There are 2 protein chains.
Amino acid sequence: MTVSNEVSVLDRLFTDGKLAAVCPSRIVLDHVTSRWGVLLLVALSERSMRWGELRRVVEGISEKMLAQTLRTLEADGIVDRAVTPSVPPRVDYALTDRGRELVALLLPLMGWIADNADDILAR
Amino acid sequence: MTVSNEVSVLDRLFTDGKLAAVCPSRIVLDHVTSRWGVLLLVALSERSMRWGELRRVVEGISEKMLAQTLRTLEADGIVDRAVTPSVPPRVDYALTDRGRELVALLLPLMGWIADNADDILAR
DNA sequence: CGGGATCCATACTGATACTG
DNA sequence: CAGTATCAGTATGGATCCCG
């Protein structure tokens, strides 16, 4: 288990020395790294949230993109949507197990960005 | 140094309980997770490449987006552009130290996506 | 070969209105 | 509260042509 995993990761990503245009990874990558997808996943990383809460926490997102992005993530099995039929209705969004796996890999990246952002933009 | 870094990562990302709309992280995040940014970084992760090489390896990228994305990454100090004045001209792109740091965090994520993409889209 | 400039299609956003 | 529907304006990306 001490194999450098960088080589194997690259082997899995490259096909015939290229990053194929038509492949499942490209589609999922676009979902996950979409402008709002990343932020929603980070927002949900600590706890589940309601619609209105997500709207407030992820500043700048429009209702349209919130709905659209959540639907995509839900369809991908990354986010779970739980409806509590009440008046007024209550809908909670949470990460699935798969979503938590993903976020675990996403957070270090976000941390690096948070650490380096000022420095990068100061150039 | 055994502090759970998940808490601190979130602390750094959230401001006043929110993901601020106007902050350096959001800008850099958009650069890094841009549609083509990720793929270019992965392509350069193993070795430096020439313009035409990147164009071929990252399938589907247009010349405009290749130029634009490379310029952004260069301005961010993530990618280095080395011009060899010859006829025909030769331009090589490589990761900077900062770029290598970033890619080290990006590859595990890409690996997970490659592993799970089929499963995710099969639903 | 390595781009820059231009034009066009699409995607995204914002505002507003409406519903269960 | 948690959305959906619609429309208009804008930003982004893609295709094409051109140049040193």
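Scope of the values below: all heavy atoms of this structure, side chains included, with no hydrogens, waters or symmetry mates. Nothing here was measured: the structure is a model prediction, and the numbers come from that model.
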What pairs of donor and acceptor atoms, side-chain ones from residues 64-74 of chain B against any protein atom, are under 3.5 angstrom apart with sequence neighbours left out?
from	atom 1	to	atom 2	distance (Å)
B:Thr69	OG1	B:Met65	O	2.6
B:Thr72	OG1	B:Gln68	O	3.0

Residue pair A:Leu40 / A:Val79, side-chain heavy-atom distance below 4.5 Å: no

Positions of residues 27-41 of chain A (non-hydrogen atom under 4.0 Å from DNA chain C), listed by number: A:Arg35, A:Trp36

Which residues share a salt bridge (Lys or Arg N to Asp or Glu O under 4.0 Å) with A:Asp118, sequence neighbours left out: none

Residues in salt bridge (Lys or Arg N to Asp or Glu O under 4.0 Å) contact with A:Arg50, at least two apart in sequence or another chain: none

Of all pairs that satisfy side chain to side chain donor-acceptor pair (under 3.5 Å), the ones with a partner from residues 91-105 of chain B, not counting sequence neighbours: A:Trp112-B:Glu101, A:Asp119-B:Arg98, B:Arg81-B:Tyr93, B:Arg90-B:Asp92, B:Asp97-B:Arg100

Partners passing side chain to side chain donor-acceptor pair (under 3.5 Å) against A:Glu53 (at least two apart in sequence or in another chain): A:Arg47

Considering all heavy atoms, the nearest B:Arg55-B:Ile61 contact: NH1-O, 2.9 Å

Interface residues of residues 57-86 of chain B with DNA chain D (non-hydrogen, below 4.0 angstrom): B:Ser62, B:Lys64, B:Met65, B:Gln68

Members of residues 44-56 of chain B that approach DNA chain C, where some heavy atom sits under 4.0 Å away: B:Arg50, B:Trp51, B:Gly52

Residue list, salt bridge (Lys or Arg N to Asp or Glu O under 4.0 Å) with A:Asp30, at least two apart or on another chain: B:Arg35

Quick one: side chains of residues 17-24 of chain A, donor-acceptor pairs under 3.5 Å with protein atoms, not counting sequence neighbours, listed by atom name and distance.
none

By side chain to side chain contact (heavy atoms under 4.5 Å, CB included) - contacts of B:Ala94 (at least two apart): B:Ser48

